Amino acid sequence: MDVSHLLDELNDAQREAVTGDAGHLLVLAGAGSGKTRVLVHRIAWLIQVHHVSPMGLLAVTFTNKAAGEMRARVGELLGIRPEGLWIGTFHGICHRMLRMHADEVGLPDTFQILDSDDQYRLIRRVIRDMELDEGQFPARAMQGLINHHKDEGRRPENIEHLDNPHAAQQVAIYRYYQDYCERSGLVDFAELLLRTVELLRDNPARRRHYQERFGHTLIDEFQDTNRLQYALVRLLSGEQGRMFVVGDDDQSIYGWRGARVENVSDFVRDFDPQVVRLEQNYRSTATILEAANRVIDHNDDRMGKNLWTEGEAGEPIRLFAAWSAEEEADYIIARIQDWIGQGGSPSEAAILYRSNAQSRLFEQVLLREGIDYRVYGGQRFFERAEIKDAMAYLRLLHNRNDDPAFERVINVPARGIGERTVERVREQARSRKISLFAAASELIAAQGLPARAGKAIESFIEKINMLDEQTANASLGDTMSAVVRAAQLGEWYRGREAPDRAETREENLEELVRAAESFEQPAEDEQAGLAPLASFLAQAALEAGEHQGQSWQDCVQLMTLHSAKGLEFPLVFMAGLEEGLFPHQKSVEEPGRLSEERRLCYVGMTRAMQRLYISFAESRYLHGQRILSRPSRFVDELPAHLIEQVRPRQPAAATQTGLGARPDSSADHGLRLGGTVGHQRFGIGTVVSLEGQGDNARVQVNFEQAGSKWLVLAYASLERLD
DNA sequence: AGGTCCGCTATTTTT
DNA sequence: TAGCGGACCT
C-alpha cells in the first residue's frame with residue numbers, strides 16, 4: 001500500500017514524530033507547528049503502516065472541539081470513519097467506561113452527570129444541611145476544594161491534617177457531599193475521572209483488559225493534564241502500551257485549575273520517551289516569532305524551544321501607548337476599519353484581553369461604528385436557566401432520585417411551594433435517607449403537610465408521573481416537547497421578565513425541542529444499552545454547546561487570551577498590557593504565577609499570523625473607579641528592534657487631563673520624545689518616555705540591543721544623537 | 001410566599 | 001460598573 005501521502009506534506013521533525021518507532025514519544029509542539037496534523041497522521045500511520053487495529057488506539061483530548069476536529073481529520077485522511085477507534089475527551093472516555101462498568105464501580109445504571117452549576121448548588125445545600133456558617137465555608141470555595149482533592153486523587157479518607165478543626169470540617173463537607181452523590185446516583189466531572197482511575201487501579205481484570213486493548217495511547221495538550229489525568233493515562237497504557245504525548249510547556253496556562261506542567265517532565269522521567277521538537281512555525285511572520293521567543297525566554301525551567309519560519313520578516317509589531325482605555329479602544333477599532341477598508345475581512349481580526357470585563361469598551365465602540373462582532377465566553381446553550389429548568393424536568397422523568405433537579409423545579413414555575421415546605425421535605429428525606437421525590441410522596445401519603453402546600457406538592461408529583469406515563473413510548477423529541485409544554489416555562493418567564501428577554505427564552509426552549517428531535521444517539525451508547533434520553537442528558541452535561549450563536553457571521557472576534565489558545569488570526573490586538581491587569585495583580589503576588597502570565601502573553605502573540613498590535617492604557621475604569629497603570633513588564637521584554645512605536649508617548653500638555661504627573665517636555669536636559677540617544681553600555685536607542693525634573697528626571701529608552709530601560713538622567717550620561 | 005433593595009465583591013475556563 | 005446573594009418588607 002502506498003503510504004507516501006501520509007508523509008509527503010510533512011517536514012522532517014513532523015515525519016520523525018509520525019513514524020517514531022522507539023517506544024514512547026514526546027512531541028514538543030510549538031505554537032502553529034502542525035500539532036494536530038502530526039496527531040492525525042500518526043493515527044493513520046499506525047493503522048495503515050503498522051496495521052494496528054483502530055480498536056487498539058486511544059486518542060485523548062481536552063475539549064470536544066479538539067476531539068471532533070481530530071475525528072473528522074482522521075476520517076478524511078483514511079477515507080473512512082475507522083470503526084472502534086476511541087477519540088474523545090478525558091471526561092467523555094471515562095463516562096463511557098463508567099457506563100459500561102457501572103455495576104462494578106457501584107453506580108446505578110441511571111447515574112447522572114452533575115455539571116458545575118448543579119455541583120455548586122448541591123454543595124451549598126450540603127453546607128446548609130450541616131448547619132454550617134456559609135461565611136466560614138463558602139460554597140464556591142468548597143467546590144474548588146472538593147474538585148481539587150478529586151483532581152489529586154484524594155477521597156475524604158485520604159486527607160490528613162485533621163488536627164485543624166476548620167480543615168476537618170471541610171473534609172466533613174466533602175464526605176457529606178460525596179455520600180449525597182452516591183445515594184442519588186450523581187457524578188460530578190472530577191468524579192468521572194476518579195471513579196475510572198479507581199476502577200482500573202482496583203480491578204486487575206479490567207485493567208488488564210484495557211491495557212491489552214490499547215496498544216497505543218495518544219494524548220493532546222499534555223501540559224494541561226492534572227495529576228488524575230496523568231494517573232489515568234498511565235493505567236490505561238500499562239507496561240506494554242506505547243504513549244504518544246503531544247504538548248508545549250510554553251503554552252501551559254491552566255496551572256490555576258490544577259494542570260501540572262510538571263507532568264511533561266515527569267513523563268520524560270517515567271517513560272524515557274524519544275523527544276521530538278516541532279519548532280517550524282507555519283502561522284506567523286518571523287518578526288512575531290522572534291518577539292514571542294524573546295518574551296518567553298524570560299522564563300526559567302523550560303524544556304527549551306525556539307520557533308522559526310521560512311517565511312518573511314513581515315511588519316514590525318505596533319506598540320500603542322494610550323492615555324486611556326477609551327482611546328485604546330478607539331485606536332484598535334480604527335485599525336480594524338483600516339483593515340476592512342483594505343479588503344480585509346472582519347473575522348480575520350481578533351481583540352485579545354486578559355479579563356472578560358475588558359470587552360465592554362470594545363463592544364461599545366464596535367456598536368457605535370456599526371461593525372459586527374462576536375464575544376467568546378458567554379453563557380452556553382445548556383447552561384441557560386430556562387434550558388436547565390426544562391432539563392431538570394427531563395431528569396426527573398429519567399430518575400426520580402435526582403435531588404438537584406427536584407430542588408431546581410419544585411417551585412419553578414411558582415406553584416406556592418416555599419422554603420418552609422421544601423425544608424419539611426428535606427427533613428423527611430434526611431431522616432428516612434431517601435430522595436426528595438420519595439420523601440415528598442411519603443409526606444403526601446402520610447398527610448404530613450399543611451393542606452395548601454400538600455396539594456401543591458401533590459400536583460407536582462402527579463405532573464411528573466403523568467408526563468412519564470404519557471411519554472413512556474414517545475420519541476425523545478416528543479418527550480421534550482411534552483415536557484416543555486407541561487412545565488409551562490415559557491409562560492412563567494413571560495410573566496416575570498422583559499418581553500424581549502422572555503422571547504429569547506421561549507426561542508431557546510423551542511431550540512431545545514428541536515435539538516431533542518434531531519438528536520442522534522451515538523452507536524456505542526446504544527450498544528451499551530443506554531436509553532436515548534440518558535444519552536441526551538449525558539451529552540448535555542458533557543458538551544454544553546456553543547458559546548454564542550453567531551459564529552457563522554463574518555465578524556470581529558473578541559475573547560480572552562485564554563480562549564484564544566489554539567486559534568489563529570491574520571490581525572491580532574493584544575490590549576491592556578498594564579501591570580496589575582496583565583500580568584494580573586493576583587499573579588504577581590503569588591510566587592510562580594508570573595511565568596504562567598508570561599506564557600499567556602506568548603500564547604497571545606503567537607495567535608497572530610500577519611499583523612500584531614500591542615497596546616496599553618495609562619488610565620482605565622476598574623470596578624467603577626479610574627485607576628492609573630504602568631505598562632506591563634511584558635512590553636519591556638519585547639525586543640526594541642521589532643517594535644514600531646505607533647505614537648511615542650506625547651508630552652502631556654496637549655492631552656493633559658489632570659490625572660497624575662505627566663512627562664515634562666520643557667525640562668532642560670535637551671532630550672525629546674522619539675529622539676535618538678546613545679549609552680555607553682546599552683548602545684543606541686529611542687527615547688520613549690520622560691518623567692520628573694532636575695535630579696529626579698528619569699527617561700525610558702528603547703535600546704536597539706538591550707531593550708527598554710528606565711534611566712535616571714543624573715547618572716545615565718546619555719548622548720544626544722539627533 | 002414572593003418581591004425588592006442593599007451591600008459586597010471583583011482573573012483566567014473546560015468538562 | 002454590574003451581578004449575585006441575603007436580609008428585609010409586604
Side-chain angles (χ1 to χ4, degrees), chain A residues 60-67 88-95 113-121 124 128 134-135 138-140 144 147 150-151 187-194 221 224-226 228-229 252-259 325 352-358 360-361 364 376-380 382-383 411-423 450 452-453 456 495-496 538-545 547 559-566 576 580-590 593 596-597 599-601 603-604 620-627:
Chain A
V60 195
T61 65
F62 268 85
T63 63
N64 293 298
K65 196 175 153 208
T89 63
F90 277 101
H91 293 85
I93 281 163
C94 288
H95 173 243
I113 299 172
L114 218 52
D115 70 20
S116 311
D117 184 54
D118 296 333
Q119 186 191 34
Y120 168 73
R121 288 156 172 264
R124 199 172 54 184
R128 287 174 188 174
E134 290 176 71
R140 276 271 167 247
N147 287 336
K150 290 192 176 190
D151 285 344
V187 177
D188 61 50
F189 287 131
E191 185 74 18
L192 287 170
L193 299 186
L194 184 49
E221 303 278 20
D224 288 340
T225 51
N226 62 32
L228 197 53
Q229 286 157 340
S252 161
I253 55 174
Y254 288 114
W256 52 274
R257 64 174 200 209
L352 311 183
Y353 37 78
R354 178 64 230 269
S355 67
N356 287 304
Q358 287 170 261
R360 229 193 71 214
L361 269 179
Q364 279 173 8
Y376 279 62
Q379 234 193 357
R380 293 144 117 241
F382 281 98
E383 286 168 356
N411 200 33
V412 171
R415 46 177 71 86
I417 300 169
E419 181 55 29
R420 269 190 83 86
T421 311
V422 177
E423 188 49 40
R452 256 178 102 104
R496 64 205 309 273
Q539 207 174 89
L542 287 175
E543 311 183 31
H547 263 298
M559 69 191 81
T560 63
L561 287 152
H562 281 90
S563 337
K565 192 173 140 207
L581 187 60
F582 186 36
H584 196 277
Q585 194 55 39
K586 301 240 177 190
S587 304
V588 176
E589 285 160 4
E590 282 176 59
R593 300 280 296 275
E596 185 159 301
E597 295 281 305
R599 292 195 288 266
L600 193 55
C601 184
V603 165
R620 72 168 65 239
Y621 276 107
L622 194 67
H623 311 317
Q625 269 195 330
R626 192 162 274 281
I627 58 155

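Chain letters run A, B, ... following the sequence lines, proteins first, then strands; residues in each count from 1. All values derive from a computational prediction rather than experimental measurement. Values reported hereafter were calculated over all heavy atoms of this structure, with side chains retained and with hydrogens, waters and symmetry mates removed.
- In terms of position along DNA chain B, the nucleotide closest to A:R354 lies nearer the 5' end than the nucleotide closest to the other residue of the pair A:E543 and A:R354.
- In this model, the phosphate group of B:dT14 is not approached by any side-chain N or O of A:N64 to a distance below 4.0 Å at OP1 or OP2.
- Other residues, nucleotides and ligands contribute more than 12 heavy atoms inside 6.0 Å of the CD atom of A:E589.
- Rounded to whole angstrom, the span from the CE atom of A:M559 across to the C1' atom of B:dT12 amounts to 14 Å.
- Looking at A:E597, its side chain does come within 3.5 Å of a backbone N or O of A:H584 through a donor-acceptor pair.
- Between the side chains of A:D151 and A:Q229, no donor-acceptor pair is found at a separation under 3.5 Å.
- Taking 4.0 Å as the cut-off between side-chain N and carboxylate O, A:R380 and A:D115 do not count as a salt-bridged pair.
- A close approach under 4.0 Å does not occur between any side-chain nitrogen or oxygen of A:R593 and OP1 or OP2 of B:dT12.
- One finds a side-chain N or O of A:S563 lying less than 4.0 angstrom from the OP1 or OP2 phosphate oxygen of B:dT13.
- Nearest to the side chain of A:E134, among C:dG6, B:dG2, B:dT12, sits C:dG6.
- Across B:dT15, B:dT11, B:dT13, the shortest atom-to-atom separation from the side chain of A:E597 is found for B:dT11.
- Proximity of A:N356 to the phosphate of B:dT13: a side-chain N or O atom is located under 4.0 Å from OP1 or OP2.
- With rounding to whole Å, A:H562 atom NE2 is found 8 Å from B:dT13 atom C1'.
- Taking only side-chain atoms of A:H584, from C-beta outward, the nucleotide of B:dT11, C:dT1, B:dT13 with the closest atom is B:dT11.
- Comparing atom distances between the A:R128 side chain and each of C:dG6, B:dA10, B:dT14 picks out C:dG6 as nearest.
- Put simply, A:Y120 has a side-chain N or O that comes within less than 4.0 Å of OP1 or OP2 on C:dG5.
- In this model, a side-chain donor or acceptor of A:S116 finds a partner on the base of B:dT15 within 3.5 Å.
- The CG atom of A:D117 sits 14 Å away from the C1' atom of B:dT15 (whole-angstrom rounding).
- Between B:dA10, B:dT14, B:dT13, one nucleotide has an atom nearer to the side chain of A:H623 than all others, and that is B:dA10.
- Mapping A:F62 and A:T421 onto DNA chain B by nearest heavy atom places A:T421 at the nucleotide closer to the 5' end.
- A straight line from CD of A:E419 to C1' of C:dG5 spans 14 Å, rounded to a whole angstrom.
- Computed from coordinates, the A:F189 CZ to B:dT15 P distance equals 8 Å when rounded to whole Å.
- Across all non-hydrogen atoms, the minimal contact from A:V603 to A:L561 is CG1-O, 4.3 Å.
- Contact check, A:N147 against B:dT14: no side-chain N or O comes under 4.0 Å of OP1 or OP2.
- When rounded to the nearest whole Å, the span between CD of A:Q585 and C1' of B:dT9 equals 17 Å.
- Per the stacking criterion (ring centres < 5.5 Å, plane angle < 30°), A:H91 does not stack onto the base of B:dT15.
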